[in-house]
Number of protein chains: 2
Amino acid sequence: MSIRYALLGLLRDQPATGYELTQRFAQGIGRHAWSAKHSQIYPELRKLTDEGLIEVVEEGARGKRVYGVTEPGRAELREWLLRGPDEGTVRNPLLLWMFLIGGLDPDDALRALRAVEERATEMLGELTETYDFLAAEGGELPAGAYAAQFGIHTYRATREWARWAIEEQAERNRRAR
Amino acid sequence: MSIRYALLGLLRDQPATGYELTQRFAQGIGRHAWSAKHSQIYPELRKLTDEGLIEVVEEGARGKRVYGVTEPGRAELREWLLRGPDEGTVRNPLLLWMFLIGGLDPDDALRALRAVEERATEMLGELTETYDFLAAEGGELPAGAYAAQFGIHTYRATREWARWAIEEQAERNRRAR
DNA sequence: CGGCTCATGTAAAGAGTTACATGATTTG
DNA sequence: CAAATCATGTAACTCTTTACATGAGCCG
């Protein structure tokens, strides 16, 4: 049921079509916080419209419909945000994997951990660029900037963890021989 | 489809009943990486048994059945682990919320951020205890220790992020007045 | 004008949650 | 012996994905 709040939040930032929302879900939010496909987004936009939380603010070629948040929609979103983050469903493939690689044999585990470190370093670079780009404009930090900065903090932590784990694992390998 | 690997991974650490697995899902893995309810766990155990990836290693009172991983199950798990973390479905309520609180008005946002900082500090304490407990035994680090250490790293990062965001937000509030 | 991107939808299948349901054993 | 915990299951519903489906506009 959080998909509706994700949509409200994205639309509050900026009115958009279902198509554009699908793309945004394929990037930032979708890759890190909450993924969704267009086949879920379109019907949800319909529902939100029926409930008066969003509305069509512009129509264009090819059946294009740009949605924006209504006043009731803003109120609903605010209330949800003030309730604090939902507990409930968690789905984090990276973390699940981390939970389980401890059981690989030492060499496999070491290789896996190196992959984590590399990936974290990569993501760190990517996000630093994103953040710099978002922050460059001066004045107000745009919505995504907080999330980007959060990503930077967590990937840095992930990298440090990987380095620690590699050390641990290497130690274990040495002892095993 | 990752539920089966979560189960294989937990059972490889230690044979368990569906009931015990349900409880483990309610804690570590379930709270941070992949949640599941008993109504999903029991049918999945049945399927895994039919496929020969796990087996009943002990039966007890009250229809109790302790499952363990078979050789094919171990192989399947290893292959999956070596493929690296799945891309795909992500569900992270905390992050979704962080993505969206930027749009709250300044005072609300500040209050929300303070809540994040507090919660991170709390979790940090909890996990530090868990880790110390797991590491105290000396010798091999048990499976959960890597995950716990990862948690410590990420919650510390979350706390630092929250502090940074609070500063940003406070700055924004000052300017707004 | 052919291929790509924009743009929207629906149907069927699969995954996951909530609610309903039952009963044995242990603990106080 | 009552209440809590252990232990398992199923049914109905909701959410999500995959696959199917269509067509308009843009670019070279």
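A note on names: the letters A, B, ... follow the listed sequences, proteins ahead of strands, and every chain is numbered from 1.
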Short side-chain to backbone donor-acceptor contact, B:Ser35 and A:Val90, under 3.5 Å: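 Confirmed, B:Ser35 side chain pairs with A:Val90 backbone.
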
Would the distance check show the side chain of A:Tyr19 and the main-chain N or O of A:His38 forming a donor-acceptor pair, the cut-off being under 3.5 Å? no

Using a strict 4.0 Å threshold on nitrogen-to-oxygen distance, state whether B:Arg31 and B:Glu126 make a salt bridge.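 Yes.
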
B:Arg114 bridged to B:Glu117 by N-O distance under 4.0 Å: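 No salt bridge links B:Arg114 with B:Glu117.
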
Using a 4.0 Å heavy-atom cut-off, does A:Thr17 contact any base of the nucleic acid, only the sugar-phosphate backbone, or nothing at all?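 Contact class for A:Thr17: sugar-phosphate only.
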
Which part of the nucleic acid, if any, lies within reach of A:Arg91 when heavy atoms closer than 4.0 Å are counted: base, sugar-phosphate only, or nothing?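 If one applies the 4.0 Å heavy-atom cut-off, A:Arg91 turns out to touch the sugar-phosphate alone, with no base involved.
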
5'-most by nearest nucleotide on DNA chain C - A:Ser39 or B:Ser35: A:Ser39

Between [atom2] on [N] and [atom1] on [X], what's the gap in Å once rounded to a whole number?
X: B:Arg4; N: C:dA15; atom1: CZ; atom2: C1'; answer: 13 Å
X: B:Leu21; N: D:dT8; atom1: CG; atom2: C1'; answer: 13 Å
X: A:Lys37; N: C:dA11; atom1: NZ; atom2: C1'; answer: 17 Å
X: A:Trp34; N: C:dG16; atom1: CH2; atom2: P; answer: 13 Å
X: B:Ile41; N: D:dA7; atom1: CD1; atom2: C1'; answer: 13 Å
X: A:Glu87; N: C:dT17; atom1: CD; atom2: P; answer: 14 Å
X: B:His38; N: C:dA21; atom1: NE2; atom2: P; answer: 14 Å

Audit row: B:Tyr146, A:Gln169, side chain to side chain donor-acceptor pair (under 3.5 Å) steps and yes/no: CA-CA 10 Å; B:Tyr146 285 88; A:Gln169 193 63 47; 3.2 Å; yes

Assess the residue pair B:Glu76 and B:Tyr5 against the criterion (side chain to side chain donor-acceptor pair (under 3.5 Å)); give the C-alpha distance rounded to whole Å, side-chain angles, the decisive distance to 0.1 Å, and a yes or no. CA-CA 9 Å; B:Glu76 176 84 14; B:Tyr5 297 106; 3.0 Å; yes

With a cut-off of less than 4.0 Å, is there a side-chain N or O of [X] near OP1 or OP2 of [N]?
X: A:Tyr19; N: C:dC6; value: yes
X: A:Tyr42; N: C:dG9; value: no
X: B:Gln40; N: C:dT17; value: yes

Neighbour count above 12 (heavy atom, 6.0 Å) for A:Glu167 CD: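 No.
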
Could you say whether B:Pro43 or A:Ala36 is positioned toward the 5' end of DNA chain D, judged by the nucleotide with the nearest heavy atom to each?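 This one resolves to B:Pro43.
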
Any N/O donor-acceptor pair, A:Thr89 side-chain to C:dT17 base, under 3.5 Å: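 Not at all, since no donor on one side and acceptor on the other fall under 3.5 Å apart.
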
DNA chain D contacts among residues 44-68 of chain A, heavy-atom distance under 4.0 Å: A:Ala61, A:Arg62

